[in-house]
Number of protein chains: 2
Amino acid sequence: MQDQKTPRRSNRDRSEDTRARLISAARKLFSEKGYGDTGTPEIVKEAEVTRGALYHHFTDKSELFRAVALQESRDVAQAINQNSVHESEPVRALVSGAQAYFTAMTKPGRARILLLEGPAVLGPDGMAEIDRETGSASLYKGLEWAARSANRPDLPLGELTTLLSAGFDRAALEIAMGGESTGYIRAFESLLQSLFPAQK
Amino acid sequence: MQDQKTPRRSNRDRSEDTRARLISAARKLFSEKGYGDTGTPEIVKEAEVTRGALYHHFTDKSELFRAVALQESRDVAQAINQNSVHESEPVRALVSGAQAYFTAMTKPGRARILLLEGPAVLGPDGMAEIDRETGSASLYKGLEWAARSANRPDLPLGELTTLLSAGFDRAALEIAMGGESTGYIRAFESLLQSLFPAQK
DNA sequence: TAATTAACATACAGGCTGTATGTATGCAAG
DNA sequence: CTTGCATACATACAGCCTGTATGTTAATTA
């Protein structure tokens, strides 16, 4: 019979549990009150651990935020992969991907963390590093496909990727703040169909 | 002969000078080290005033930041107005406006304040309020003109304005961080020419 | 089983924010 | 011209927060 007072967990289990608790509590508070207005005492209280545990797992508060943002970004990528419908036409595929992105970004707090606080706390480079693992590459591939299909080798795809990505982000933020998504979907459709007119 | 020890300025002069000193010092430090890493003791030291003066003029640190952002935004609007070339064709006018915007945003620290820290510190609404006074309206008018000229009443201009504005901001940030502007200019040209093809 | 290390817990030093209170100067009324 | 009030600060303080240093307990390794 196991001792009930000391569950006798392995170090790894303890660590993973503590890390997860901290990230979860931080995610909640950062998204509700913002990074600057959330103190580490409040975070550890919510996570039911001590500040010692926090500073054992993360070098400082911003590293905890980075872990939160990374997890959030991965969740977005996963949600998009799950909800992505295979389309035979590139513009449709891009619009469908945008749709999935908007939906994933409506989870409360997510837009604030990834689109508002993230760039300020971690810097554009820090966020780019996080995004690299997840999103931007697939957008580039989609545009490449569309450019090939529409016979438009003249387009500067790298810059267009950046521009459209910024548009997606801004639209996601508006939608997450209560805006209507249909208008933005149509705007992207117009934009993409103008850029990549159907052949023949 | 005036007393040299007490310059005997009017209250209004004193106030305006102090405010200007605080905003200038805050602008410098916020743009160099970021909002969170800049303390009010450091700001007042740079401005050669006391913290009492700061909290007499501004309710808190974020209100000082708001004043900085507002001034910066007005400077951008003014720079664009001065450098705007009158174009007879809408797409050219839009590209020319983008060019002027990018140039104005290369002033050191400006992109960080208006595009990175601003949204996080003041919130999207706070920044939108500041931008309303300055930029977004003219972009909408430019797109309206272009849509009329190109016979495209189908386009959702409101959403397109938001999307393109986000693209301009992102490009401005990249350029301010050392990126090349020509690529983005060409990308916008492609995009706008696709959206608004020249008539006949 | 002894030694070592991981995983915290506790205590502390320094710094920062906002407020409360004190003071000197400008200003307006009589 | 002086008397009273308001403006524009200056100073002091309370509370909180961050990061570090040090202590303690339990798991892992030799």
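Within every chain, numbering begins at 1; the chains are lettered A, B, ... in the order of the sequence lines, protein sequences first and strands thereafter. Everything numeric in this text was worked out from a predicted model, so none of it was measured.
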Subject >> Check: D:dG19 base within 3.5 Å donor-acceptor of A:Arg51 side chain >> reply: yes
**OP:** Return the value, rounded to whole Å, for the distance between atom NZ of A:Lys45 and atom C1' of C:dA9.
**Re:** 18 Å
Original post:
Among the nucleotides D:dA8, C:dC8, D:dT18, which one has an atom lying closest to any side-chain atom of A:His57?
Top reply: C:dC8
Original post:
When only distance counts, do a donor and an acceptor, one from the side chain of B:Arg14 and one from the base of C:dG26, lie under 3.5 Å apart?
Top reply: no
**OP:** Would you indicate which nucleotide in C:dC8, D:dA8, D:dC17 comes nearest to any side-chain atom of A:Pro41?
**Re:** D:dC17
Subject >> Residues B:Arg27 and B:Glu72 bridged, charged N to O under 4.0 Å >> reply: yes
Subject >> Electrostatic pair A:Lys107:A:Asp75 at N-O distance under 4.0 angstrom >> reply: no
**OP:** Figure out the CZ/P separation between B:Phe30 and C:dC16, and round it to whole Å.
**Re:** 13 Å
Original post:
With the threshold set at 4.0 Å, does a side-chain nitrogen-carboxylate oxygen contact exist between A:Glu189 and A:Arg186?
Top reply: no
Original post:
When you check the phosphate oxygens OP1 and OP2 of D:dA8, does a side-chain N or O of B:Ser15 lie under 4.0 Å from one of them?
Top reply: yes
Subject >> From C:dC8, D:dG19, D:dT28, nucleotide with atom closest to A:Ser10 side chain >> reply: D:dT28
Original post:
Would you call A:Arg19-A:Glu16 a salt bridge at under 4.0 Å N-O?
Top reply: no
Original post:
D:dT7 P sits how many Å from B:Glu16 CD, rounded?
Top reply: 16 Å
Subject >> Listed nucleotide nearest any side-chain atom of A:Lys61, set C:dT17, C:dC8, D:dG19 >> reply: D:dG19
**OP:** For A:Ser62, answer base if it contacts any base atom (sugar-phosphate contacts may also be present), sugar-phosphate if it contacts only those atoms, and nothing otherwise; contact means non-hydrogen atoms under 4.0 Å.
**Re:** nothing
Original post:
Thinking salt bridges, do B:Arg112 and B:Glu117 make one under a 4.0 Å N-O criterion?
Top reply: yes
Original post:
How long is the line joining CZ of B:Arg12 and C1' of D:dA6, in whole Å?
Top reply: 16 Å
Original post:
Nearest nucleotide by nearest heavy atom, which residue falls closer to the 5' end of DNA chain C, B:Thr40 or B:Gly52?
Top reply: B:Thr40
Subject >> Value in whole Å for how far the P atom of C:dC8 lies from NE2 of A:His56 >> reply: 6 Å
**OP:** Measure from OH on B:Tyr35 to P on C:dT17 and round the result to the nearest Å.
**Re:** 8 Å
Original post:
Between D:dC9 atom C1' and B:Arg21 atom CZ, what is the distance in whole Å?
Top reply: 14 Å
**OP:** Report yes if at least one side-chain N or O of A:Thr50 is closer than 4.0 Å to OP1 or OP2 of C:dC8; otherwise report no.
**Re:** no
Subject >> Nucleotide nearest A:Tyr55 when distance is taken to its side chain, options D:dT20, C:dA7, D:dC17 >> reply: D:dT20
Subject >> Euclidean distance, atom CD of residue B:Glu48 to atom C1' of D:dA10 [Å, nearest integer] >> reply: 16 Å
